[in-house]
Engineer: 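Dropping the structure in here first, questions after.
Model, not experiment: these values are computed from the prediction. Just so we're on the same page: letters track the sequence lines, and every chain starts at 1.
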Amino acid sequence: MLTVRFAPSPTGYLHVGGARTALFNWLLAQKHGGKFILRIEDTDRERSKEEYTRQILEDIKWLGLVPFEGPFFQTQRLERYREVAFDLLNKGLAYRCFCSPEKLEEERKRAYKAGKAFKYPGYCANLSEEEIKKRIENGEKFAIRIRMPKNEDLSFEDKVRGKINFSSSEFDDFVILKSDGMPTYNFAVVIDDHDMKVNLVVRGEDHITNTAKQIAIYKILGWEIPEFAHIPLILGPDKKRLSKRHGARAVGEWRREGILPEAMMNFLALLGWSWDDKQQIFTQEELVEKFSLERVSKNPAVFDVDKLIWINSEHLKKKADEEKAELVIPFLVEAGLVESEESIDRAWLIEVIKIVGDRLKKLTDIVAYADFLFKEDEDIIYTSEDAKKAIKGDGVVEVVEEINKVLKELDKWDRTEIEKVIRDKASEHNLGASKPIRAIRYAISAKFVTPGLFESMELLGKIRTINRINKFLEFVKANK
RNA sequence: GCUCCCGUCGUCUAGGGGUCUAGGACACCGGCCUUUCAAGCCGGCAGCACGGGUUCAAAUCCCGUCGGGAGCGCCA
């Protein structure tokens, strides 16, 4: 059975790179009826935080990457890592290292300055039994280093890149167990993947070198080596590794921006994978059915916000108005436009969704397009500059005044009737209808961009519409 | 510096010796529609990093150059 895993470290939020790795793994497991394991690599005591673990889990669930097994925590498996490390020690395949990290750090810096890579020279590789005993009794701390064999072939067949060559001679005797008793990443991963029967490791290409090191450990332990697939990195617009500088990078931030989980999934899938030369929009089911490592690209992909938003708008277009209405509610509450989720008139909200239509590219857009329908009349604030723009043209104010009068007498308050009034009055005055339309649009919304005016007025209701036109007319007079 | 990976429109990509005058999508620019903005429809701009081979034929295979990226921790 195919067993894959996603193994984030809880030292930050789930960003798009991590999310994409998780997605690819999940997709593979779904497609082949395999197992998808979630493992939290929390051996960095200083940087790991429970809050991050919580957030990562939340974001993974939001993306729809369920079911998964776990989460398993490495800090709950410390005994196991120690057991394997000491076993290696007893067999002479690893050794205690008493070198102080400070000293090594200094040597590393010096080597780097001289333009050379620092490799641990093996100071402690051949310490005598007595000396080891003495130093332990002295209370000296030690780490455990693996004995890296010479000229061992560590090449592997990558499922997306093909053969990748490494020799063990490129590596030094790296630490597998830190002096605080914690395993290092490359060591813990091997033991976990082996114990959890992971047989395919899919991760970012920044791990290629780690893979070689891990293969070294597999070989030393005599364990079966899983298959590997290294997927391309996700870059920022400057072609540098995605970082905080590139704006919202945590998946949760996109959720708060009003991106749908299925759109996020779709977008992430297309970062480094494609189906053919046509299809861009995929449902979750289609992705599960069509995804394969064979079609994963080798090139790093630049994160393109515009495309994310476009994909989101396409998924939004497919949704029923009822569903969109529900989805938008939290954002209305967040913006302070409605008191609570319960206080909203659903039927009316659906009408709002209808008139906003395809303008909605992100859920947050509802605020920009429809806030004026939720606001109180007194919260519609004009500026003299915009007001001037709104009434530009000869006789516009007069026409609006007349329209307002007729509107007051209107019995049937619907978009068709309203439109008729406005168009008739405009042509009576030999004025293009767009003039009063623009003025009234501004009057009821204090904006120049809104959904269709007549529908907006209908939904706003007669009283509020007329109130606002009055208020606007007064404002114009006062600002002459 | 060393090791490894990668180079097709601005971006994501299709293509893997002839069907490529290189296709699609996003973005951008026009036009139509129109009540603003979207949407929709029509049209446009724009790319095989470079240089050598191999071959009747190269975006595709080989070599080199250049460019980009990653790794080189008692971080993961």
Side-chain angles (χ1 to χ4, degrees), chain A residues 7-12 41-44 46-48 74 97 99-101 104-105 108 111-120 141-145 158 161 164-167 170-172 174-186 188-189 204-213 230 232-233 235 237 239-241 267 270-281 295 297-311 313 317 356-361 365 368-369 419 422-423 432-438 440-442 445 447-454:
Chain A
S9 65
T11 53
E41 313 217 316
D42 54 350
T43 53
D44 184 340
E46 291 181 4
R47 295 193 300 153
S48 294
Q74 289 190 322
C97 172
C99 300
S100 83
L104 294 179
E105 183 55 31
R108 179 172 298 114
Y112 188 78
K113 260 184 202 158
K116 288 192 176 144
F118 175 75
K119 277 185 171 178
Y120 180 68
K141 295 226 168 205
F142 63 86
I144 296 178
R145 290 182 183 271
D158 190 288
R161 277 152 219 278
I164 296 180
N165 296 306
F166 278 103
S167 161
E170 292 163 29
F171 304 116
D172 64 356
F174 60 85
V175 171
I176 56 173
L177 203 73
K178 308 181 212 172
S179 54
D180 67 357
M182 286 287 185
T184 57
Y185 167 74
N186 282 314
V189 163
E205 70 170 336
D206 49 335
H207 283 287
I208 290 179
T209 319
N210 286 328
T211 295
K213 287 186 180 180
H230 292 93
L233 259 21
L235 274 25
K239 302 245 188 180
K240 289 269 193 308
R241 220 184 150 156
F267 173 72
L270 255 20
L271 242 30
W273 173 85
S274 65
W275 171 244
D276 58 15
D277 61 346
K278 273 194 151 82
Q279 192 174 359
Q280 306 286 321
I281 303 300
R295 295 202 60 84
S297 148
K298 294 184 181 120
N299 309 340
V302 173
F303 181 94
D304 182 5
V305 179
D306 288 329
K307 185 139 182 183
L308 204 211
I309 291 171
W310 174 73
I311 288 175
S313 73
K317 276 184 203 168
V356 173
D358 289 342
R359 274 168 269 247
L360 204 65
K361 294 186 167 187
D365 290 342
Y369 282 113
E419 175 166 10
I422 294 175
R423 291 203 186 278
S434 64
K435 295 276 171 61
I437 284 172
R438 184 182 39 179
I440 297 171
R441 167 174 283 122
Y442 185 73
S445 68
K447 286 168 186 283
F448 291 106
V449 176
T450 70
L453 180 68
F454 317 124

Engineer: If the condition is ring pair (Phe, Tyr, Trp, His ring centres under 6.0 Å), which residues does A/Y442 pass it with, not counting sequence neighbours?
Structural biologist: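 For A/Y442, the residues satisfying ring pair (Phe, Tyr, Trp, His ring centres under 6.0 Å) (neighbours in sequence not counted) are A/Y382, A/F448, A/F472.
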
Engineer: Please check the phosphate of B/G7 (OP1 and OP2 only) for any side-chain N or O of A/N299 closer than 4.0 Å.
Structural biologist: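 Yes, within the criterion.
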
Engineer: With 3.5 Å as the limit, what N/O pairs link the protein to nucleotides 17-20 of chain B?
Structural biologist:
none

Engineer: Answer yes or no on whether A/K213 is positioned over the face of A/F174, meaning its NZ or CZ is under 6.0 Å from the six-membered ring centre and within 45° of the axis.
Structural biologist: yes

Engineer: Quickly work out the A/Q280 CD to B/A14 P distance and round it to whole Å.
Structural biologist: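 Atom-to-atom, A/Q280 to B/A14, this comes out as 11 Å.
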
Engineer: Spell out protein contact along nucleotides 65-76 of chain B as letters: B when the base is contacted, S when just the sugar-phosphate is, - when no protein heavy atom is under 4.0 Å; keep the 5' to 3' order.
Structural biologist: ----SSSBSBBB

Engineer: Which part of the nucleic acid does A/G432 contact within heavy-atom distance under 4.0 Å: base, sugar-phosphate only, or nothing?
Structural biologist: nothing

Engineer: With side chain to side chain contact (heavy atoms under 4.5 Å, CB included) as the criterion, how do A/V449 and A/Y369 come out once you've worked through the C-alpha distance, each side chain's angles and the decisive distance to 0.1 Å?
Structural biologist: CA-CA 7 Å; A/V449 176; A/Y369 282 113; 3.8 Å; yes

Engineer: Once you round it to whole Å, what is the distance between P of B/C4 and CD1 of A/I164?
Structural biologist: 11 Å

Engineer: Might you point out which heavy atoms bring A/R441 and A/T450 nearest each other, and give the distance in Å?
Structural biologist: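 Where A/R441 meets A/T450 most closely, the heavy atoms are NE-OG1, 2.8 Å.
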
Engineer: Partners of A/E170 by salt bridge (charged side-chain N to carboxylate O under 4.0 Å, His left out), sequence neighbours excluded?
Structural biologist: none

Engineer: Contact between A/T211 and A/H230 at the side-chain level, heavy atoms closer than 4.5 Å - yes or no?
Structural biologist: yes

Engineer: What string of B, S and - do you get for nucleotides 34-46 of chain B, 5' to 3', if B is base contact, S is sugar-phosphate-only contact and - is no contact with any protein heavy atom under 4.0 Å?
Structural biologist: -BBBSSS------

Engineer: For residues 298-306 of chain A, dump all side-chain donor-acceptor pairs below 3.5 Å to protein atoms at least two apart in sequence or in another chain.
Structural biologist:
residue: A/D304; atom: OD1; partner: A/D306; partner atom: N; Å: 3.2

